[in-house]
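Let me begin by presenting the structure, written as structure tokens, before commenting on it.
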Amino acid sequence: MTVSHTPFTATVLGLPRVGPNRELKRATEAYWAGRADAGHLHTVGRELRRAQLLELQAAGLDSVPVGTFSYYDQVLDTAVLLGALPPRVAGIADPLDRYFAAARGTDTVAPLEMTKWFDTNYHYLVPEIGAETVFSLNPEKLLAELAEAIELGVAARPVVVGPITFLKLAKAADGAALDRLPELVALYRDLLTQLADAGAQWVQIDEPALVTDLTEAEIALVRETYTELSSGERRPAILVATYFGHPDGALAALADTAIEGVAVDFTAGTQVGDLAVLPALANKLVVAGVVDGRNIWRTDLDAALSTLGTLLGSAGSVAVSSSSSLLHVPYSLTPETGLDERLRSWLAFGAEKVAEVRVLATALTTGTDAVAAELAAARDAAESRRTDPRLHVEQVRTRLAALDESDLNRLPADERRALQRDHLDLPVLPTTTIGSYPQTSTIRLARAALRKGEIDQAEYVRRMQAEIADVITLQEKLGLDVLVHGEPERNDMVQYFAELLDGFAATDNGWVQSYGTRCVRPPILFGDVSRPEPMTLSWIGYAQSLTTKPVKGMLTGPVTILAWSFVRDDQPLGDSARQVALAIRDETVDLEAQGTRVIQVDEPALRELLPLRAADQPAYLQWSVDSFRLATAGVADTTQVHTHLCYSEFGEVISAIAGLDADVTSIEAARSHMEVLDDLNAAGFALGVGPGVYDIHSPRVPSVEEITTSLSAALKAVPAERLWVNPDCGLKTRGPVEVEASLRNLVTAATALR
């Protein structure tokens with residue numbers, strides 16, 4: 001039997017954890033740098049958790065998630081919970097250092113691979129499951145955070161990644177991770193008992209993998225797993241949370257079990273009618289995700305109330321919730337005093353989403369009269385947004401309507417290759433970097449001084465030019481073949497362009513976690529997009545004036561700009577992508593006219609936006625490829641177009657990578673040991689490729705021997721005339737000393753192999 005529990009009415013599925021002012025980021029990085037000890041880091045974490053719990057309780061949530069706090073990543077935390085860290089970190093005695101070694105690596109230990117969390121911009125660490133993996137339960141962290149909440153009098157609901165999702169996300173040595181499911185089910189049963197004994201009334205088991213395409217055998221495993229977990233004699237009530245899509249057949253399987261609740265994402269395709277055909281839900285709690293946990297637009301409260309009201313007829317009880325964790329949105333609109341008030345009225349960040357949940361729950365349980373003012377404000381904001389002229393700019397739409405297929409094409413790749421060989425005169429195995437160089441304290445101080453008005457724009461430009469000159473000098477000294485300007489003027493590869501394009505707005509403090517301590521401020525794409533003036537010409541032109549070697553023009557592609565922004569939801573994504581692509585196209589044409597011979601348009605997020613269901617993927621791949629080609633096909637065939645992709649599982653988008661028709665594609669390969677090249681070859685990829693030989697997300701300096709081994713493996717898969725030598729990604733987050741050492745080894749290895 002379960003412990004005593006009652007249905008709740010208002011909650012969110014998860015929480016951000018870096019702190020409203022990135023306190024955890026700073027404390028963690030101080031620990032890594034040796035400026036603070038573990039005690040300081042744990043104190044900061046504890047204070048952030050306590051403040052958050054009390055804020056959510058005061059906001060009116062009657063069930064608050066706990067256990068979503070993490071020093072790096074929730075999937076890595078689950079690997080610790082289940083005793084599934086890789087054997088190579090076992091020799092590190094201190095648990096915290098062992099944890100960070102798995103996340104980041106050390107001088108002697110390679111980290112876990114990293115990839116995208118479903119179709120979001122969050123990155124998780126990929127668990128490794130091998131024959132030597134012996135699962136064991138280590139629930140201390142989760143139990144401690146539950147105890148903290150109970151001590152504060154908070155109605156706490158522990159959250160844990162579910163066994164099916166964990167195994168489907170893991171990398172198994174034999175390719176059959178789900179074969180280990182019975183072992184995990186036994187551990188989860190034990191965990192449920194311990195949580196019940198610790199006072200938990202409810203437990204949330206996150207199973208977002210259930211919204212992906214599942215086989216009939218996998219759906220049967222869902223039913224078996226949760227039949228087993230819900231049969232425990234002493235356990236909390238079980239809420240299985242699905243999000244990011246429609247749970248489809250898995251929802252029926254869950255309904256057939258004795259779990260007490262299911263969380264469903266109504267912002268990502270699920271309809272109330274999908275639940276009405278499942279009579280077994282009549283005795284369960286349905287946690288309705290009607291407030292979008294992934295985007296920042298204000299909820300249509302009337303539409304959400306209609307969904308909730310209809311749902312009452314299908315469920316035993318209904319709770320209002322965010323559709324997913326609030327990990328994916330900023331903490332609060334309160335600091336955003338710089339946004340224009342009309343735009344600001346259309347938005348809801350984390351704190352505002354919690355308030356929306358509370359308003360909807362009150363309307364559902366008490367009646368709409370109790371929240372009449374809030375409902376009226378939401379209607380006014382929606383009307384203001386609908387009628388704003390910035391959302392429909394006729395000049396932009398007319399120009400797009402005039403485009404045809406010829407605007408997407410260049411000469412065939414082999415013909416371009418011959419022209420570019422003569423135009424660029426590069427050696428075999430040409431070396432380059434991806435774009436950014438370390439963001440030094442000098443750069444950060446200059447940017448802060450400009451923001452505070454302590455220096456003027458002219459002085460800022462002078463300081464950035466000095467940084468560019470240093471980077472060009474370093475690259476020439478190291479012997480790199482195609483140079484970059486280092487991007488000192490760019491705070492972020494998307495935000496930089498968003499601040500220069502019409503139709504975007506930037507926040508002051510809208511930070512969200514991308515991975516570990518890496519935080520980004522996604523811009524807000526709210527209207528029709530256009531380029532009022534050139535964005536990069538002066539910086540690239542200055543860099544090129546310092547060297548006779550080609551300097552790449554560095555741009556961000558339309559799909560990545562969309563993926564790493566909060567994008568308007570009032571038109572199809574493909575329409576917004578075409579608008580951004582046309583603005584980038586204007587920039588490429590101007591760069592070429594200025595004399596730039598190599599232009600890189602980065603699309604690291606190409607895989608990220610891929611729909612989770614196979615049936616939805618072809619349409620996405622078509623418009624994403626077309627938008628890239630629109631952005632890049634305006635230049636001459638002698639101009640070499642590069643693109644870059646990183647930290648994704650590329651197998652599902654190999655055809656799209658080829659379809660981009662970039663002359664050279666640089667791609668993450670260091671952590672995955674060149675595995676991507678097999679996928680490319682299987683797809684008949686015949687363009688230039690630069691598989692990364694230097695993992696820039698780890699502080700390790702790769703040796704000449706290590707890079708030589710990687711390149712030798714690459715040469716077995718790619719002819720030398722098509723192979724480039726480069727790091728996995730930009731060098732912005734690395735230190736100057738390790739970067740110089742790593743690039744010296746990279747050039748040495750490439751030169752020797754020539």
**Item:** Rounded distance [0.5 Å steps], CZ in Arg50 versus CD in Glu55
**Value:** 12.0 Å
**Request:** Apply side chain to side chain donor-acceptor pair (under 3.5 Å) to Arg17 and Gln513, showing your working.
**Result:** CA-CA 8 Å; Arg17 60 249 186 160; Gln513 185 181 18; 2.9 Å; yes
**Prompt:** Going by the angle between their ring planes, with limits at 30° and 60°, are Trp117 and Tyr124 parallel, tilted or perpendicular?
**Reply:** perpendicular
**Pair Asp570 + Arg568, salt bridge at N-O below 4.0 Å** = yes
**Request:** Determine whether Trp623 and Arg578 make a side-chain contact, defined as any pair of heavy atoms from C-beta on separated by less than 4.5 Å.
**Result:** no
**Prompt:** Using 4.0 Å as the upper bound for N to carboxylate O, is an ion pair formed by Arg390 and Asp388?
**Reply:** yes
**Message:** Between Asp302 and Arg379 (salt bridge meaning N to carboxylate O under 4.0 Å), is one present in this structure?
**Reply:** yes
**Prompt:** Side-chain contact, heavy-atom cut-off 4.5 Å: Val262 with Val287?
**Reply:** no
**Prompt:** How about Thr556 and Asp602: does a side-chain donor come under 3.5 Å of a side-chain acceptor?
**Reply:** no
**Asked** Below 4.5 Å, heavy atoms only, C-beta onward: do Leu525 and Val580 meet side chain to side chain?
**Response** yes
**Prompt:** Taking the six-membered ring where the residue is Trp, are the ring centres of Tyr72 and His123 under 6.0 Å apart?
**Reply:** no
**Message:** Restricting to salt bridge (charged side-chain N to carboxylate O under 4.0 Å, His left out), what partner residues turn up for Glu394, sequence neighbours left out?
**Reply:** none
**Request:** Examine distances only and state if a side-chain atom of Lys116 and a backbone atom of Arg607 form a donor-acceptor pair shorter than 3.5 Å.
**Result:** no
**Asked** Under 4.0 Å between a Lys/Arg side-chain N and an Asp/Glu carboxylate O for Asp407 and Arg585?
**Response** yes
**Asked** Can you find a heavy atom in the side chain of Tyr243 that is under 4.5 Å from one in the side chain of Thr267?
**Response** no
**Prompt:** Out of curiosity, Ile238 CD1 to Glu260 CD, how far, rounded to the nearest 0.5 Å?
**Reply:** 6.0 Å
**Asked** Salt bridge check: are Asp575 and Arg397 linked by an N-O gap of less than 4.0 Å?
**Response** no
**Request:** Would you mind reporting whether Leu15 and Phe69 have side-chain heavy atoms less than 4.5 Å apart?
**Result:** no
**Contact summary for Ile584 and Met535, nearest pair of heavy atoms** = CD1-CE, 4.4 Å
**Asked** So do the side chains of Arg447 and Arg451 get within less than 4.5 Å of each other, counting heavy atoms only?
**Response** yes
**Short side-chain donor-acceptor distance under 3.5 Å, Gln395 and Ser530** = no
**Item:** Close side-chain approach of Val359 to Leu301, heavy-atom, < 4.5 Å
**Value:** yes
**Asked** Looking only at side chains, do His392 and Asp528 share a donor and an acceptor under 3.5 Å apart?
**Response** no
**Prompt:** Should Arg399 and Asp586 count as an ion pair when the cut-off is N to O under 4.0 Å?
**Reply:** yes
**Prompt:** Any Lys/Arg nitrogen of Arg46 or Glu148 sitting under 4.0 Å from an Asp/Glu carboxylate oxygen of the other?
**Reply:** no
**Prompt:** When you check the side-chain N and O atoms of Asp265 and Thr270, is any donor under 3.5 Å from an acceptor?
**Reply:** no
**Heavy-atom neighbours of Glu383 CD exceed 12 at 6.0 Å** = yes
**Item:** Leu573 side chain reached by Leu562 side chain, heavy atoms, under 4.5 Å
**Value:** yes
**Request:** Take Glu487 and Tyr496 through the side-chain contact (heavy atoms from CB on, under 4.5 Å) test and state the conclusion after the steps.
**Result:** CA-CA 10 Å; Glu487 305 178 11; Tyr496 173 81; over 6 Å; no
**Message:** To the closest 0.5 Å, what do you measure between CD (Glu587) and OG1 (Thr536)?
**Reply:** 3.5 Å
**Asked** Does a donor on one side chain and an acceptor on the other come within less than 3.5 Å for Glu207 and Thr165?
**Response** yes
